[in-house]
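The structure appears below as structure tokens.
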Amino acid sequence: MKILVTGGAGYIGSHTVVELQNTGHNVVVIDNLSNSKEIALQRVSQITNKPIDFYNIDIRDFNALDKLLDKYSFDCCIHFAGLKAVGESVQKPLDYYDNNVGGTVTLLRALNKHNCKNIIFSSSACVYGNPKIIPITEECPKGLCTNPYGQTKHIIEEIMKDLQKCDSDWNIVLLRYFNPIGAHKSGTIGEDPNGIPNNLMPFITQVAVGKRPELNVFGDDYDTHDGTGVRDYIHVVDLARGHVSALKAIENKCGLEIFNLGTGNGYSVLDVVHTFEKVNNLKIPYVIKPRRAGDVPTCYSNADKAKKVLGWSAQFNLEDMCRDSWNWQKNNPNGYDE
Ligand code: NAD
Ligand code: WQD
């Protein structure tokens with residue numbers, strides 16, 4: 001298929017472009033490089049040995065999208081572009097609504113105009129809020145998102161549902177990602193956060209590489225097996241392959257479908273720390289700190305629906321994720337900055 005990938009220079013987008021190209025899809029990437037670097041796409045090209053058509057376009061720029069869609073005829077759009085930092089979204093809520101919600105509406109308008117009515121959207125497990133059911137199925141009611149970032153995902157999901165309800169020519173897949181970590185096995189592409197990492201794994205790898213003295217573990221008094229928060233970590237390559245599988249639903253004219261992309265396993269913060277130490281033969285010093293505001297104790301998926309409908313399930317385990325995260329970080333101590 002001919003696929004338009006928005007946000008394709010980012011962490012999940014770049015890994016997905018690898019899997020798309022490796023399975024014979026034809027990809028055009030747009031990205032405004034607000035949270036990524038073009039070199040990531042050069043690295044993707046080196047992995048797949050295929051060139052990438054890249055355009056520096058902001059999804060809020062209707063005219064630029066219109067021009068691009070005049071030039072190419074796409075079978076599907078995979079929409080990653082968006083801002084994703086929970087803390088920043090609390091500081092700058094309007095930027096998040098403008099970029100994520102406004103940008104998505106503009107993108108949908110442009111696709112609609114050019115009769116490309118197939119889209120796969122990067123949603124998030126955060127739409128479940130403090131989940132009512134564990135493991136979380138797609139039917140689990142959506143919860144109160146405690147931050148503007150999470151709200152943008154919830155609102156975009158609702159906009160897309162309305163769009164599909166009003167025009168059944170649209171096929172829309174909402175993918176709710178759990179906690180992507182890891183990196184491509186080459187160690188040449190990976191997660192490259194700006195400043196102090198908010199998420200657990202990039203913080204651990206920065207401690208391992210000597211950039212930070214110790215990990216802060218946010219809370220050890222949750223009702224979990226060791227008191228620390230439990231999450232469903234998923235290897236980014238598995239996640240990327242989930243998008244290739246989701247194209248099948250689009251081809252089968254699915255209407256609107258929602259899938260969790262997770263492994264179905266929950267691991268605590270200390271499980272991750274100890275697995276990272278074991279597989280990489282390293283010590284990660286840590287200190288216990290108070291709970292982080294807005295954190296839920298436990299969040300992991302029931303991943304059965306994606307297996308049943310798409311034939312997709314995660315192949316990599318936590319050891320693979322810890323090994324590949326470290327392989328990326330140790331080969332690129334400063335991320336994409338050389
Ligand atoms: P990322 O920041 O690495 O990638 C997002 C990309 O979108 C970046 O390259 C950025 O430059 C680009 N972008 C942002 N705004 C844009 C705009 N207006 N126009 C064009 N490009 C724009 O993030 P990621 O981790 O790869 O996440 C990809 C998507 O998945 C995001 O929508 C994110 O919200 C969602 N998601 C991520 C996670 C996670 O933990 N990483 C979990 C659930 C959902
Ligand atoms: C995981 C666990 C922390 C950092 C966030 C977003 C969510 C999604 C993924 C996009 C928790 C603990 C973390 C640290 C720690 N993104 N932790 N020390 O919070 O599950 O989800 O990223 O959609 O929307 O909210 O992921 O990696 O931040 O935290 O102890 O320095 O690690 O408390 O238990 P989270 P995370």
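We count ligands from 1, going down the list as the structure has it; atoms in each ligand are counted the same way.
The hydrophobic cluster containing Val86 also includes Leu83, Tyr96, Tyr149, under a criterion of side-chain heavy atoms closer than 4.5 Å among ILVMFWY residues, counted directly or through chains of members.
In this structure, Glu19 pairs ionically with Arg241, as a charged nitrogen and a carboxylate oxygen lie closer than 4.0 Å. By the 4.0 Å N-to-carboxylate-O rule, Asp70 lies too far from Lys67 to be salt-bridged with it. Taking a cutoff of 4.0 Å between a charged side-chain nitrogen and a carboxylate oxygen, Lys142 and Glu158 qualify as a salt bridge. Glu138 has no carboxylate O lying under 4.0 Å from a charged side-chain N of Arg176, or vice versa, which leaves the two without a salt bridge. Classification of Asp304 and Lys307 as a salt-bridged pair fails, no side-chain N sitting under 4.0 Å from a carboxylate O.
In this structure, Val29 and Asp53 have side chains that are not in contact, with every pair of non-hydrogen atoms separated by 4.5 Å or more. Annotation: side chain of Cys76 is in contact with side chain of Leu247 (closest heavy-atom distance under 4.5 Å).
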Please tabulate protein-ligand N/O pairs under 3.5 Å for ligand 2, atom names and distances to 0.1 Å.
{"residue": "ligand 2", "atom": "18 (N)", "partner": "Asn216", "partner atom": "O", "Å": "2.7"}
{"residue": "ligand 2", "atom": "19 (O)", "partner": "Arg292", "partner atom": "NH2", "Å": "2.8"}
{"residue": "ligand 2", "atom": "20 (O)", "partner": "Asn179", "partner atom": "ND2", "Å": "3.0"}
{"residue": "ligand 2", "atom": "20 (O)", "partner": "Arg231", "partner atom": "NE", "Å": "2.5"}
{"residue": "ligand 2", "atom": "22 (O)", "partner": "Asn199", "partner atom": "ND2", "Å": "3.0"}
{"residue": "ligand 2", "atom": "23 (O)", "partner": "Ser124", "partner atom": "OG", "Å": "2.8"}
{"residue": "ligand 2", "atom": "23 (O)", "partner": "Tyr149", "partner atom": "OH", "Å": "2.6"}
{"residue": "ligand 2", "atom": "26 (O)", "partner": "Asn179", "partner atom": "ND2", "Å": "3.1"}
{"residue": "ligand 2", "atom": "27 (O)", "partner": "Asn199", "partner atom": "ND2", "Å": "3.4"}
{"residue": "ligand 2", "atom": "27 (O)", "partner": "Leu200", "partner atom": "N", "Å": "2.8"}
{"residue": "ligand 2", "atom": "28 (O)", "partner": "Asn198", "partner atom": "O", "Å": "3.4"}
{"residue": "ligand 2", "atom": "28 (O)", "partner": "Asn199", "partner atom": "ND2", "Å": "3.1"}
{"residue": "ligand 2", "atom": "28 (O)", "partner": "Arg292", "partner atom": "NH1", "Å": "3.3"}
{"residue": "ligand 2", "atom": "28 (O)", "partner": "Arg292", "partner atom": "NH2", "Å": "2.9"}
{"residue": "ligand 2", "atom": "29 (O)", "partner": "Arg292", "partner atom": "NH2", "Å": "3.4"}
{"residue": "ligand 2", "atom": "30 (O)", "partner": "Asn216", "partner atom": "O", "Å": "3.4"}
{"residue": "ligand 2", "atom": "30 (O)", "partner": "Phe218", "partner atom": "N", "Å": "2.9"}
{"residue": "ligand 2", "atom": "33 (O)", "partner": "Asp295", "partner atom": "OD2", "Å": "2.6"}

Table of N or O contacts for ligand 1, cutoff 3.5 Å:
{"residue": "ligand 1", "atom": "2 (O)", "partner": "Asn35", "partner atom": "ND2", "Å": "2.7"}
{"residue": "ligand 1", "atom": "3 (O)", "partner": "Tyr11", "partner atom": "N", "Å": "2.9"}
{"residue": "ligand 1", "atom": "9 (O)", "partner": "Gly10", "partner atom": "N", "Å": "3.3"}
{"residue": "ligand 1", "atom": "9 (O)", "partner": "Asp31", "partner atom": "OD1", "Å": "3.2"}
{"residue": "ligand 1", "atom": "9 (O)", "partner": "Asp31", "partner atom": "OD2", "Å": "2.6"}
{"residue": "ligand 1", "atom": "9 (O)", "partner": "Ser36", "partner atom": "OG", "Å": "2.7"}
{"residue": "ligand 1", "atom": "11 (O)", "partner": "Asp31", "partner atom": "OD1", "Å": "2.7"}
{"residue": "ligand 1", "atom": "11 (O)", "partner": "Ser34", "partner atom": "N", "Å": "3.1"}
{"residue": "ligand 1", "atom": "11 (O)", "partner": "Ser34", "partner atom": "OG", "Å": "3.4"}
{"residue": "ligand 1", "atom": "11 (O)", "partner": "Asn35", "partner atom": "N", "Å": "2.9"}
{"residue": "ligand 1", "atom": "11 (O)", "partner": "Ser36", "partner atom": "OG", "Å": "3.3"}
{"residue": "ligand 1", "atom": "13 (N)", "partner": "Asn32", "partner atom": "OD1", "Å": "3.4"}
{"residue": "ligand 1", "atom": "15 (N)", "partner": "Asn99", "partner atom": "ND2", "Å": "3.1"}
{"residue": "ligand 1", "atom": "18 (N)", "partner": "Asp58", "partner atom": "OD1", "Å": "3.1"}
{"residue": "ligand 1", "atom": "18 (N)", "partner": "Asn99", "partner atom": "OD1", "Å": "2.9"}
{"residue": "ligand 1", "atom": "19 (N)", "partner": "Ile59", "partner atom": "N", "Å": "3.0"}
{"residue": "ligand 1", "atom": "21 (N)", "partner": "Asn32", "partner atom": "N", "Å": "3.1"}
{"residue": "ligand 1", "atom": "21 (N)", "partner": "Asn32", "partner atom": "OD1", "Å": "3.3"}
{"residue": "ligand 1", "atom": "25 (O)", "partner": "Lys84", "partner atom": "NZ", "Å": "2.8"}
{"residue": "ligand 1", "atom": "26 (O)", "partner": "Tyr11", "partner atom": "N", "Å": "3.2"}
{"residue": "ligand 1", "atom": "26 (O)", "partner": "Ile12", "partner atom": "N", "Å": "2.8"}
{"residue": "ligand 1", "atom": "32 (O)", "partner": "Phe80", "partner atom": "O", "Å": "2.8"}
{"residue": "ligand 1", "atom": "32 (O)", "partner": "Lys153", "partner atom": "NZ", "Å": "2.9"}
{"residue": "ligand 1", "atom": "34 (O)", "partner": "Tyr149", "partner atom": "OH", "Å": "2.7"}
{"residue": "ligand 1", "atom": "34 (O)", "partner": "Lys153", "partner atom": "NZ", "Å": "3.0"}

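Under the side chain to side chain donor-acceptor pair (under 3.5 Å) criterion, the residue pairs touching residues 179-200 are Asn35-Asn194, His184-Ser186, Ser186-Thr188, with sequence neighbours excluded.
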